[in-house]
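Throughout, protein chains are lettered first and strands after them, A, B, ... in sequence-line order, and every chain is numbered starting at 1.
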Amino acid sequence: FLLLGRWRKKHLTYRVLNLPSTLSPSRARAALHQAFKYWSSVAPLTFREVKAGWADIRLSFHGRHSPYCSNSFDGPGKVLAHADIPELGSVHFDNDEFWTEGTYKGVNLRIIAAHEVGHALGLGHSRYTQALMAPVYAGYQPYFRLHPDDVAGIQALYGKKNPEAEDEEEEIRLSTVSPVTTKPSPMPNPCSTELDAMMLGPRGKTYAFKGDYVWTVTDSGPGPLFRVSALWEGLPGNLDAAVYSPRTGWIHFFKGNKVWRYVGFRMSPGFPMKLNRVEPNLDAALYWPVNQKVFLFKGSGYWQWDELARTDFSRYPKPIKELFTGVPDRPSAAMSWQDGQVYFFKGKEYWRLNQQLRVAKGYPRNVTHWMHCRPQTPDTNSLPGDVTPSSTVTILDTTPSAADLVLD
Amino acid sequence: RALGSTEKEAVLDYLLQYGYLQKPLEGAVDFRLEDITEALRAFQEASDLPVSGQMDDDTRARMKLPRCGLEDPFNQKTLK
């Protein structure tokens with residue numbers, strides 16, 4: 001799935017501005033209601049229909065040209081509908097289509113509406129041709145269900161549906177009493193924070209962790225911040241270490257005396273487990289592609305771990321300086337990156353190691369270089385590329401999600 | 001097989017409309033053959049079709065299917 005944006009609230013209104021002539025109003029309205037229900041059944045979203053006035057999401061049918069829409073339609077077939085990404089809210093259907101429900105004839109309004117509402121909620125097109133969010137209409141399906149990729153996408157944006165939280169939200173709406181929520185840790189500034197962990201994850205994505213938040217690092221700077229538990233369900237914040245192994249496809253997260261294993265964003269059965277054979281409260285972890293082993297760091301020592309074989313840890317921990325020359329003890333984070341180099345992070349500095357595993361000349365450097373943050377000048381508070389606390393606030397909903405409440 | 005000018009235009013329209021080809025901001029729209037081949041490869045890959053970069057019957061049929069009007073994110077740049 002691809003994410004295009006998100007609403008900063010989870011309780012949304014919608015309004016049906018007009019209906020197609022090919023379906024009875026009650027049938028068409030039921031199809032549109034069901035389209036919203038697919039999403040609200042897997043994510044902590046609620047949708048309330050309004051019959052007048054402004055609505056967050058507005059559904060309408062128009063022909064080839066509309067004075068209210070700059071994107072024309074093209075008659076029967078071809079383009080069926082289009083929608084705007086958050087937080088715009090327009091959802092338009094081609095009035096020239098033969099909209100139907102409960103039959104293989106024509107175009108199923110419920111399924112197309114669910115697809116377009118997916119866009120309105122922030123989902124882009126999926127590469128899974130069987131997913132609802134695939135760009136091409138796959139035809140009427142009497143027992144339609146969301147594809148796992150659709151579910152993963154919407155939950156990456158809004159978190160997972162929690163039955164208890166749903167009840168709680170219902171009560172809140174009725175009584176207007178504010179819920180007692182556990183506050184997340186302060187939102188870090190990626191350009192100035194000290195890190196908990198770093199990881200070169202699946203598909204070459206670099207993840208940085210701090211407190212309850214995680215973000216990706218790209219050539220153009222830090223990406224938007226997400227709650228850790230919104231991406232990896234069941235994972236707490238304030239991690240000690242994180243490491244992804246391309247050898248096994250496993251991601252291991254360490255915190256205290258526990259280890260979590262995920263494949264992608266799904267926790268493996270039986271986890272979290274107690275960390276038994278290495279010391280708790282690790283500092284960092286990395287995967288070294290040269291020998292396909294995971295290295296765990298604590299204090300001045302390290303353990304070398306083979307994920308697929310019973311490792312004899314009796315000769316560990318060994319001194320870090322024996323293998324990685326010039327790196328600090330008690331690193332905050334470590335990883336081998338896609339350029340083939342090994343990096344260590346501590347405080348606001350990072351070290352790069354050369355092929356002989358010695359610290360390269362010119363290091364340590366400031367983490368702002370790593371994050372691709374531009375330096376701030378005294379008269380400029382928000383340079384392009386900077387992620388200032390104020391700009392991140394606009395991206396994120398800081399309200400703890402239902403999943404967070406359970407975890408906390 | 002070389003495409004007729006009408007079909008070539010239709011293919012280019014499709015690839016442009018759905019984001020597989022990027023219209024240059026300056027100058028005339030004159031795509032190189034390798035740009036079109038690359039765009040077709042991305043479309044075929046995203047559509048679970050045999051990836052040839054050529055306009056074959058499967059690709060032609062796929063492009064005729066009804067679909068959403070939003071762009072696809074599947075060009076090589078976005079994949080990267």
Specify which of A:Lys78, A:His92, A:His82, A:Arg203 makes the most heavy-atom pairs with chain B at under 4.5 Å. A:Lys78
Which donor-acceptor pairs under 3.5 Å do side chains of residues 132-145 of chain A form with protein atoms, sequence neighbours excluded?
unit_1	atom_1	unit_2	atom_2	d
A:Tyr137	OH	A:Asn108	N	2.9
A:Tyr137	OH	A:Tyr140	N	3.3

Under 4.5 Å from any heavy atom of chain A, what part of B:Gln17 do you find: side chain, backbone, both or neither? side chain
Is chain B contacted by the side chain of A:Leu2, its backbone, both, or neither, given a heavy-atom distance below 4.5 Å? side chain
If one checks every heavy atom of A:Glu116 against chain B at 4.5 Å, the contacting part turns out to be side chain
Kindly write out the residues that satisfy salt bridge (charged side-chain N to carboxylate O under 4.0 Å, His left out) with B:Arg32, not counting sequence neighbours, or none if the list is empty. B:Glu34, B:Asp35
If the threshold is 4.0 Å, N to carboxylate O, is there a salt bridge linking B:Arg67 and B:Asp72? yes
Single hit among A:Arg110, A:Arg27, A:Gln34 for side-chain hydrogen bond (donor to acceptor under 3.5 Å, both in side chains) with A:Glu101: A:Arg110
